[in-house]
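Chain identifiers are assigned alphabetically (A, B, ...) following the order of the sequence lines, protein sequences preceding nucleic acid strands; residue numbering begins at 1 within each chain.
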Amino acid sequence: MAKARVIITLKKTIMDAQGQTAENALHNLGYRGVSNLRIGKVVEMELDGAPKEQLSAQLDKMCRELLANPIIEDFQFEIED
Amino acid sequence: MAKARVIITLKKTIMDAQGQTAENALHNLGYRGVSNLRIGKVVEMELDGAPKEQLSAQLDKMCRELLANPIIEDFQFEIED
Amino acid sequence: MATATELHFGIVVFPGTNCDTDAWHALHDGMGAPVDYIWHEDTDLTGFDCIILPGGFSYGDYLRTGAVARFSPVMGAVTDFAAKGGLLLGICNGFQILLEAGLLPGAMMRNVGQTFVCKYVNLRVEATDTPYTRAMEKGAVLRIPIAHGEGNYYADEATVEDLRRNHQIVFRYCAPDGQTTAEANPNGSLDNIAGICNRERNVMGMMPHPERCTDPILGSADGRLVWDSLLG
Amino acid sequence: MAMEPQMWRELGLADAEYQRIVDVIGREPSPTELAMFSVEWSEHCGYPRSRPLLGLLPKEGKYAARVKGEDAGGIEVAPGITILFKMESHNHPSQVEPFQGAATGVGGIIRDIFTMGARPIAVLDPLRFGELDEPLARYLFRRVVEGISFYGNCLGVPTVGGELRFEAPYGGNCLVNVMAIGIVETDKVATSRAVGEGNPVIIVGNSTGRDGIGGASILASHEFAEDEEKRPTVQIGDPFTEKCLIEACLEALETGAVIGLKDMGAAGITCTTCEMSAAGDHGMDIDLQKVPRREPGMEPWELMMSESQERMLLVAQKGREDEVLGIFRKWGLNAVTIGRVTGDGMLRVRDNGELVAELEAKTLADPPVYHLPAEEPDYYREVQSADLSQVPLPNDMNAVLRDLLASPNIAAAAWACHQYDHMVQTNTVVAPGADAAVLQLKGHRQGIAVTTDGNGRYCYLDPYVGAQLVLAEAARNLVCVGADPAGVTDCLNFGNPEKPDRFWQFKRCVEGLADASRAFGLPVVSGNVSFYNETPNTAVYPTPVLGVVGVLDDVRRHCTPGFKRAGDVIILLGETHEDLGGTEYLKRSHGQVTGRPPTLDLEREKKVQAACLRAVREGLAASAHDCSDGGLAVALAESCIHGRVGANVARRPPASSSQHPRRMLRASRRSRPTSARQPLCSAKSGATTS
Ligand SMILES: Nc1ncnc2c1ncn2[C@@H]1O[C@H](COP(=O)(O)OP(=O)(O)O)[C@@H](O)[C@H]1O
Ligand SMILES: [Mg+2]
């Protein structure tokens, strides 16, 4: 059983309206030092059934097929056992 | 300028319907080894204006006040410069 | 408490609020009540007897519903207003803001079905000893529409137990015959909760939209009962 | 520096088009100018291939129409009250990224409405995908609906109708059309003209980024090639900013300090500066350095072409700038003066003090027109002469009816409709699910009804008749709810017009629509053309989708499709022919898409509709529903399902028509399912019937 964590973020060139709104809210709360705030998704899961060395390839495929939208999002992941 | 990443997830005791839906979808696509999939949020930002040793306390406060809702969510963060 | 002719309503407008005018029409055209808008940067609530936080997508619902709106300047004044016993009603996004602001206990999560749901639902009246429901009958079933993506009410067991003990659960989703079944629950809310009030009973939050069924031409006039209770 | 052919080709310009630009301006264009031409002269913005035919569509009808050259057109539905409406496609962006494609489709068409000073009051979303058993079609469908729900719900504009159709030809190229409707006092309709030398030109709303550069315009002006890299063209929607823009723009217009306002859709700053100048017979001098941007290092041509969403261009009255800017700031929006109106008709664009473009606005706004060849396609003869008399009668009519009712083209669209807020603004008197949606106009006795309809199969089998059938059906949907059809908008979805057989389909459809609109006395107040809806493997059916608005004299006098009470009399209006061609039945039960579409006699159709309308208006009808996909059998079943009552019907009316119906509808073995496209009314029992 391995644990995986995928981080999915909007591509840097794409506007993140949600992040912008949260950043403005933080500024209004007095946290003026915050900048470039962006909001993404994190997906955590347990993986089983494949030999460890294949997990990474499998996870990459899952991200492309379902978890992330490669047209507008980037993703990165780490697997630990 | 420090970079921070906050990970916000639903508390373990709360059913994550969105995660469940994604997990089912992965099973349907043939990824049967996936289990306990949970979806959360990741907030990335740059921090400035406070001495490094205070950043962590500041970020913790931001999370409690705005970024996470402690009734349903847990959060953790890391800061790197 | 104010009487019918005195009750002056204030409807708070946040950027992204979109049911403000609906509430205005329901109260002004439908009930003939005096009503004004309150901009989210205003902090003076003198003259108002009942403040409504209407539905919509304040700040786009970005981050979490209600999370950003609760920090608007007006919310400090709204909190004081409620603490002094003023009537405060949150509808849909307004309910979400009340939760985020801690004026009501609990939190909202995404609908269990993962999609936005807009439709008429049935509500069972659970408490009639609130200013918002005193014209209703306990156990009566009302038809009132919902329209939300995050109406899945959650609170920890102790909090819910508290709500029950103090009769703070005001509305529950139910079947047409009044049974609070799982199928009648449109969003996965704990214990079919659709609306709650605070212990003092002057603050209420509800996901369904009474302002959408004040005029019978829109399919139901059951929402009038909320206004009748307030104005009665 | 001489231009390499590659430069204009990458921008989607043909060599001949480039030569034409050189001829018209008498020199080589600068890179920025070339980019500006490439978008303005693209099919998406300039309609060079369709304009000659669009002139056929009538601009006047029985209601006072308001059409001329603005973003959307409309009709006056009550004294002093104008309803503006328009439909647009977002097909290609939705095929590439369904959620954002559909979302920005809603955003774009809504801007067309409030840019004219109207408050958006409704959206409708006619959608077409491949067959539902295709995973891709299911994915696109789900994500498109989510995208519309995400954007429209946040704006607080109800989505009150639409269509859902699933057919193989849309598999490689879905059709996502969106119609928006707005209301405005007739004398407050805003213009998009730039006039008055020295008046400030202000950009408002979101900042400008690289997203969607060459997006909608380039994407919509070509077929999909295999494995094309489309990423840079995706636009991202921000409904929250759009909601604030609506409020701020309407508030700004209310002050009287706004001279002209135009939304930035495709081709962003290029389109707005050039078209506002051309419309106002003036010019503009703008400085790109002032444009709020979200990425460093953007080139002038990128700024001019960016399709970043939720932006508008505004010309204010000199001296009242601050008043206008203040309103946008109050709503938390960017608002920056980027230049001035000039008197010489020239559009000058500066960057860092350097003049990067200097063109006559009118030249840019006036693309050349192409008269393309049209040629009857091979299949047409064949389907026209198909003999359907040999189609065998089914053994089990109940099974046929059940199968039709289960067709995703006929079954209720509740799964989609429930994801849309269709009640916000508290005007929705008849919600999605009926033949048309009915909206009240607060403070007026009158109401409006609205429907969208299309039928790619009919138009494929006979584009001329097909287009007329679509209009007839839309009008029929309106009379069924008690509204008098008043005005039309169209979204013409076709394949590659450079192929003569595709262009023939387009031409015949437009001719059919023009003739039918005239016959019905309906103006076509606005519209949109979407070409190149094809891939190497599939071309969509020729699919004109129509949005039609009707007027109810008294919004309380409306009808819905459900039978109301046991004992009411059911009346079928019009004539029933053996029209099997192109029916859902023929396709599902016999796997054929062929034959001629149903016969249409426009004069007779008008009479049937007039009778139905009168029955509803005079309160004689308890319910009304039109026979469309699935024919009479499906119409009867739907009226039963909506009303939760049964019906007893005979081929010929029994002597006593007040029988108490006890049995559910059972189709008689001998009757052939037809596609009779006629209204079906139920009258209150006791009312005289003929
Ligand atoms: N995508 C959609 N969005 C909203 N409403 C829809 C959609 N598709 C269908 N509807 C609604 O469902 C009802 C039936 O649609 P349809 O079968 O196309 O009607 P008709 O045959 O009368 O034109 C209509 O009220 C229509 O507006
Ligand atoms: Mg119909």
Is [X] in contact with chain D via its backbone, its side chain, both, or neither, using a 4.5 Å heavy-atom distance?
X	result
C:Tyr59	both
C:Asn93	neither
C:Thr17	backbone

Measuring from atom CG of D:Asn427 to atom CG of C:Asp22, what distance do you get when rounded to the nearest 0.5 angstrom?
8.0 Å

Which atom of [X] lies closest to which atom of [Y], heavy atoms considered:
X	Y	result
C:Asn18	D:Leu155	ND2-C, 3.8 Å
C:Leu218	D:Thr428	CD2-O, 3.5 Å
D:Asn153	C:Phe57	O-CE1, 3.1 Å
D:Phe240	C:Pro15	CE1-O, 3.4 Å
D:Met423	C:Pro145	SD-CB, 3.3 Å
C:Trp39	D:Lys330	CZ2-O, 3.5 Å

How far apart are the C-alpha atoms of C:Thr21 and D:Gln425, what are their side-chain angles, what is the distance that settles it, and do they pass the side chain to side chain contact (heavy atoms under 4.5 Å, CB included) test?
CA-CA 7 Å; C:Thr21 49; D:Gln425 296 194 16; 5.7 Å; no

Can you tell me which portion of [X] sits under 4.5 Å from chain C's heavy atoms? Options are side chain, backbone, both or neither.
X	result
D:Ile246	neither
D:Cys154	both
D:Thr426	both
D:Gln440	side chain

Evaluate C:Arg212 against D:Asp421 for salt bridge (Lys or Arg N to Asp or Glu O under 4.0 Å), listing each step before the verdict.
CA-CA 12 Å; C:Arg212 293 190 182 190; D:Asp421 190 337; 2.8 Å; yes

With a 6.0 Å cut-off (strictly less than), is the heavy-atom count around CD of D:Glu254, excluding the residue itself, greater than 12?
no

Find the one option among D:His418, D:Lys442, D:Lys243 whose heavy-atom pairs under 4.5 Å with chain C are most numerous.
D:His418

Report the option among C:Asp215, C:Thr214, C:Thr115 that has the most heavy-atom pairs separated by less than 4.5 Å from atoms of chain D.
C:Thr115

